[in-house]
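Shown next, in structure tokens, is the structure this report addresses.
For the single chain, residues carry numbers from 1 onward in sequence order. Whatever order the structure lists ligands and atoms in, that order sets their numbers, starting from 1.
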Amino acid sequence: MRDFAEQTVVITGAASGLGQAIVRRFVDLKARVYAVDLDAARLTELQTALNGAIEPVVCDVTDLPMVERALSPIPADVLINSAGITGKTNLRSYEVDPANVELVFRVNFFGSYHTSRALLPGMVERGYGRVLHIASIAGKEGNAGMLAYSASKAAVIGMAKVQGKELAETGVTVNAIAPAVIRTPLVDAMPVEQVRYMTDKIPMKRTGSLDELVDMVQFIVSPQASFTTAFTFDLTGGRATY
Ligand SMILES: NC(=O)c1ccc[n+]([C@@H]2O[C@H](COP(=O)([O-])OP(=O)(O)OC[C@H]3O[C@@H](n4cnc5c(N)ncnc54)[C@H](O)[C@@H]3O)[C@@H](O)[C@H]2O)c1
């Protein structure tokens, strides 16, 4: 069974938050890490901080031709989709600007669709792969005030079910993970009322930590996690029991 030191791992949303924490873990595990993000300056900062141990890929995941050019040639064993945005929140569904709803879908759903579209054929051909879409508890439960975010994450969960079942006999697994609140720049940029609403619903009465997230991610994309596909893993301190 292959160790991560022999694997190529592609991580989107790599310059910040969960994506950056995941990048750091796979660098520690000596994987070859392609760190994909829209934010070129923060990617360069990260590359410097990690002494050049990553391959930075400046790419907008909403742009399919750009994703295909940048990612299709990579012989990826693992793809982790962490690029995501909340859009405008703390608004009723009929108050949200449709353009904002569309933008959130373009990043959260289409971004993960584009990257998996680019990398899955190679994984299937090589007979091994692990894809993990970072969804959200919002996609399972629906968070009031977060129409676009919740619906786009529900779409991501649906995609993991479809892709996992389609590829179940190929050696490639596709799963999602649905975290509750983990403090990152994404959460810090949200209205305090919206963050309180989400945090109050967590039975453990605390937010999740980056380590808790990264430990679960590492297991899901490991060769050992070989009999679970099309599934959405829970990381919510008891908020979801299904
Ligand atoms: N932080 C949480 O509490 C939480 C909870 C559940 C799910 N999530 C999900 O986890 C993922 C990461 O969230 P985070 O908290 O780390 O956010 P973050 O804002 O800290 O990081 C997101 C990264 O994605 C990048 N990005 C945004 N649009 C992009 C695009 N079009 N192309 C390429 N890169 C793009 C940003 O530049 C940024 O570096 C998101 O999908 C988010 O929805 C986060």
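- Closest to atom 20 (O) of ligand 1, if we only count protein heavy atoms, is S16 OG, 2.6 Å.
- The shortest heavy-atom distance from A21 to ligand 1 is not under 4.0 Å.
- Listed by atom number, the atoms of ligand 1 under 4.0 Å from V107 heavy atoms are 28 (N).
- Ranking protein heavy atoms by distance to atom 24 (O) of ligand 1, first place goes to G13 CA, 3.4 Å.
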Open item on the list: Let's go through R183 and D188 carefully: what are the C-alpha distance in whole Å and the side-chain angles of both, what is the deciding distance for salt bridge (Lys or Arg N to Asp or Glu O under 4.0 Å) to 0.1 Å, and is it a yes or a no?
Closed with: CA-CA 7 Å; R183 292 293 324 193; D188 292 341; 3.0 Å; yes
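- Regarding atom 27 (C) of ligand 1, its nearest protein heavy-atom neighbour is I85 CG2, 4.1 Å.
- Other residues, nucleotides and ligands contribute over 12 non-hydrogen atoms within 6.0 Å of the CD atom of E55.
- The residue from R42, H114, K153 that puts a heavy atom closest to atom 41 (O) of ligand 1 is K153.
- Set against the non-hydrogen atoms of S82, the atoms of ligand 1 under 4.0 Å away are 11 (C), 12 (C), 40 (C), 41 (O).
- Of all protein heavy atoms, the one lying nearest to atom 14 (P) of ligand 1 is T184 OG1, 3.6 Å.
- Atom numbering of ligand 1 starts at 1 in the shown order; those under 4.0 Å from a heavy atom of Y149 are 6 (C), 7 (C), 8 (N), 9 (C), 42 (C), 43 (O).
- Checked against salt bridge (Lys or Arg N to Asp or Glu O under 4.0 Å), D77 has the following partners two or more places apart in sequence or in another chain: R2.
- Nearest to atom 37 (O) of ligand 1 by heavy-atom distance, out of L38, D37, L18, is D37.
- Under the 6.0 Å cut-off for aromatic ring centres, F26 and F4 qualify, their centroids lying closer than that.
- With a 4.0 Å cut-off on non-hydrogen atoms, V187 touches ligand 1 through its side chain and not its backbone.
- Among all protein heavy atoms, the one lying closest to atom 2 (C) of ligand 1 is I182 O, 3.4 Å.
- Close N/O approach between V61 and ligand 1 is found [any backbone or side-chain N/O within under 3.5 Å].
- Taking every non-hydrogen atom of D60 and a distance limit under 4.0 Å, the qualifying atoms of ligand 1 come out as 30 (C), 31 (N), 32 (N).
- With respect to T115, the side-chain contact (heavy atoms from CB on, under 4.5 Å) criterion is satisfied by exactly one of V131, N81, L120, V10: N81.
- Nearest protein heavy-atom neighbour of atom 13 (O) of ligand 1: L186 CD1, 3.9 Å.
- By the criterion of a heavy-atom distance under 4.0 Å, the backbone of A135, and not its side chain, is placed next to ligand 1.
- Classification of the F233-F231 ring pair by plane angle, with boundaries at 30° and 60°, yields perpendicular.
- One finds no salt bridge joining D3 and K30 here, because no Lys/Arg side-chain nitrogen approaches an Asp/Glu carboxylate oxygen to under 4.0 Å.
- Taking the side chain as every heavy atom from C-beta outward, I11 and V36 never approach each other to under 4.5 Å.
- Short contacts between ligand 1 and V181, defined as distances under 4.0 Å to a heavy atom of the residue, involve ligand atoms 3 (O).
- If you check which protein heavy atom lies closest to atom 5 (C) of ligand 1, you get A180 O, 3.2 Å.
- Under a 4.0 angstrom heavy-atom cut-off, A178 registers as lying outside contact with ligand 1.
- Evaluated by nearest non-hydrogen atom to atom 22 (C) of ligand 1, the leading choice among G84, P179, G208, P185 is G84.
- On a distance-only criterion, D39 and ligand 1 share no N/O pair closer than 3.5 Å.
- Here R25 contributes atom CZ and L213 contributes atom CG; the two are 10.0 Å apart, rounded to the nearest 0.5 Å.
- The neighbour count for F227 CZ, taken as heavy atoms of other residues, nucleotides or ligands under 6.0 Å away, does not exceed 12.
- Contact annotation for R106 and ligand 1: no heavy atom of the residue comes within less than 4.0 Å of the ligand.
- Applying the 4.0 Å criterion to heavy atoms of I134 picks out, from ligand 1, the atoms 9 (C), 10 (O), 41 (O).
- Listed by number with element, the atoms of ligand 1 under 4.0 Å from a non-hydrogen atom of G17 are 16 (O), 20 (O).
- Summarising the local packing, CD of E102 is surrounded by 12 or fewer heavy atoms from other residues, nucleotides or ligands at distances under 6.0 Å.
- In the vicinity of C59, heavy-atom distances shorter than 4.0 Å reach the ligand 1 atoms 32 (N), 33 (C).
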Do any side-chain atoms of residues 83-95 form donor-acceptor pairs under 3.5 angstrom with protein atoms, and if so which ones, sequence neighbours left out?
from, atom 1, to, atom 2, distance (Å)
R92, NH1, Y94, OH, 2.9
E95, OE1, R92, N, 2.8

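- A heavy-atom distance below 4.5 Å is not found between the side chains of I137 and K153.
- The shortest heavy-atom contact between A225 and T173 is O-CG2, 4.2 Å.
- Two residues are said to be in side-chain contact when any heavy atoms from C-beta on lie closer than 4.5 Å; R130 and Q7 fail this criterion.
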